[in-house]
Number of protein chains: 2
Amino acid sequence: MSNKRALTDRESALPALAEAFREHGFEGATLASLSKATGLGKGSLYNFFPGGKDEMMEAVLENIDGWFADAIFSPLENVSDPAAAVTAMFDDVTAYFRSGRRVCVVGCLGLNSSGETFAVKVKDYFARWISALAHCLEVAKVPPAMAVDLAEEAVSGIQGAIVLARALGDDASFQRIVRRLQSTLLDAIGRYG
Amino acid sequence: MSNKRALTDRESALPALAEAFREHGFEGATLASLSKATGLGKGSLYNFFPGGKDEMMEAVLENIDGWFADAIFSPLENVSDPAAAVTAMFDDVTAYFRSGRRVCVVGCLGLNSSGETFAVKVKDYFARWISALAHCLEVAKVPPAMAVDLAEEAVSGIQGAIVLARALGDDASFQRIVRRLQSTLLDAIGRYG
DNA sequence: CAAAGTTTGTACCGATAGGTACAAGGCAAC
DNA sequence: GTTGCCTTGTACCTATCGGTACAAACTTTG
């Protein structure tokens, strides 16, 4: 297979690209910084991503979305033990966002106008997260309207915790907030399950 | 007074500057866009803000902080009726952030490395908000540890609501989340007050 | 090894970034 | 009206932006 190498390298550059976008934002990330982050020259970068920065971000979003689909969304959508699934979600999310030290690329994109190009992907990511979590709560017999409300609150709360933890430079606050969100959900599950 | 005009114009440019920084972020806001937003030429901009973009953002932060100090922090710090103060805070915040359509400049600054220059101001803003709100809850006889937790949760929750509402393009979600946060606080006040 | 295709560094492009210099214009005080 | 200060537009600077071109180097295939 002639394109095996190419695809592999393109794929393996994504985490570094994601990290660079996380650190500097989409506008703030220059080709020079992306080149340094990945260890690839400009030539290679444009070889793998002919569409430039836009295509790189697109690929990064796809990659992130894939990770979340596997690690977060699917387990919630195909849940058998809701309480365990919720606990696992919070554990995975805390690890993924490094207790708020790591920023959510998707959330950040939505915040300024440079991300308008990716608006659909951003929206879908959050919509799917909320509906997956709401489904999980409904399986635990939480009334549908309340399930959606709680799911929305939890996803939003995680984003807020990232903002606050970054602003205060204090991941302990992230942990506290997320722990509270988790018990709110577990309480609801316990109440109806 | 010879410098009255100058100071007035500098001050009156701040809202437009803030809006431009909100829309494009700090890195994304170019001098051209700042010039267009304020209606001031480059010459005037550098006359009022010799330090360039950094000084403009500094002034914008100062301005925002002043507004919050007057409208949000002080009423919480010098509270007599905690329930009314909390309700007023949520009303003012909802109006200020236009139900999440408007982004929080301070929160955004904390998210990427371009805001490191302003880290102290960002941190102080959130720290003061949380401690003012916690104080308000303590006046309502909420136990101190719980007051801090609730305050942290509320401030963080507002930031999360902005992120989510922007991402989904749906201010109704902002309203729902903020209403929930408000009742959580009012419940606590009612329970102990 | 030779042929064919991939991957890479380097040099380069026009556009625009943030910032400076400065002369012309506007405005108050006398 | 004239003086002196403040304000402003324009022209200009260098650095860097995202992006292109392309030949050299490397792989893979036979």
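Below, chains carry the letters A, B, ... as their sequence lines are ordered, and counting in each starts from 1.
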For B:H24 and C:dG18, what is the distance between atoms NE2 and P respectively, to the nearest whole Å?
12 Å
Report the relative orientation of the aromatic rings in B:Y125 and B:F73; use parallel for angles under 30°, tilted for 30 to 60°, perpendicular for over 60°.
perpendicular
Send over the distance from A:E27 CD to C:dA17 C1', rounded to a whole Å.
12 Å
Please write out each protein N/O paired with an N/O of nucleotides 9-12 of chain C under 3.5 Å, distance rounded to 0.1 Å.
{"from": "C:dG9", "atom 1": "OP2", "to": "A:G41", "atom 2": "N", "distance (Å)": "3.1"}

Respond yes when some side-chain nitrogen or oxygen of B:N47 is under 4.0 Å from OP1 or OP2 of D:dT8, and no when none is.
no
Please pick, from D:dT7, C:dG18, D:dC17, the nucleotide with the shortest atom-to-atom distance to any side-chain atom of B:L31.
C:dG18
In whole Å, what is the span from the CG atom of B:D9 to the P atom of D:dC6?
14 Å
How close do A:G157 and B:S156 get, counting heavy atoms only, and between which atoms?
O-OG, 4.1 Å
Hey, what do you get for CZ (B:R101) to CZ (B:R22), rounding to the nearest 0.5 Å?
13.0 Å
Output the rounded distance in Å from NZ (B:K36) to P (C:dG18).
14 Å
Would you check if A:V120 and A:D124 make a side-chain contact, meaning some heavy-atom pair closer than 4.5 Å?
yes
A:L45 CG to C:dT8 C1', straight-line distance once rounded to whole Å
12 Å
Looking at A:T184, A:L133, A:I130, which hits side chain to side chain contact (heavy atoms under 4.5 Å, CB included) with A:L150?
A:T184
Which nucleotide wins on minimum distance to the side chain of A:Y46, given the candidates C:dA17, C:dG18, D:dG18?
D:dG18
Give a yes or no on whether the ring-centroid distance for B:F26 and B:F118 is below 6.0 angstrom.
yes
Could you give the NZ-to-C1' distance, from A:K53 to D:dG18, as a whole number of Å?
8 Å
Between C:dG18 (P) and B:L34 (CG): distance, integer Å
8 Å
Hey, does the Lys NZ or Arg CZ of A:R102 hover above the aromatic six-ring of A:Y96, less than 6.0 Å from the centre and inside 45° of the axis?
yes
For the pair made of CZ in B:F49 and P in D:dT8, what is the distance, rounded to whole Å?
12 Å
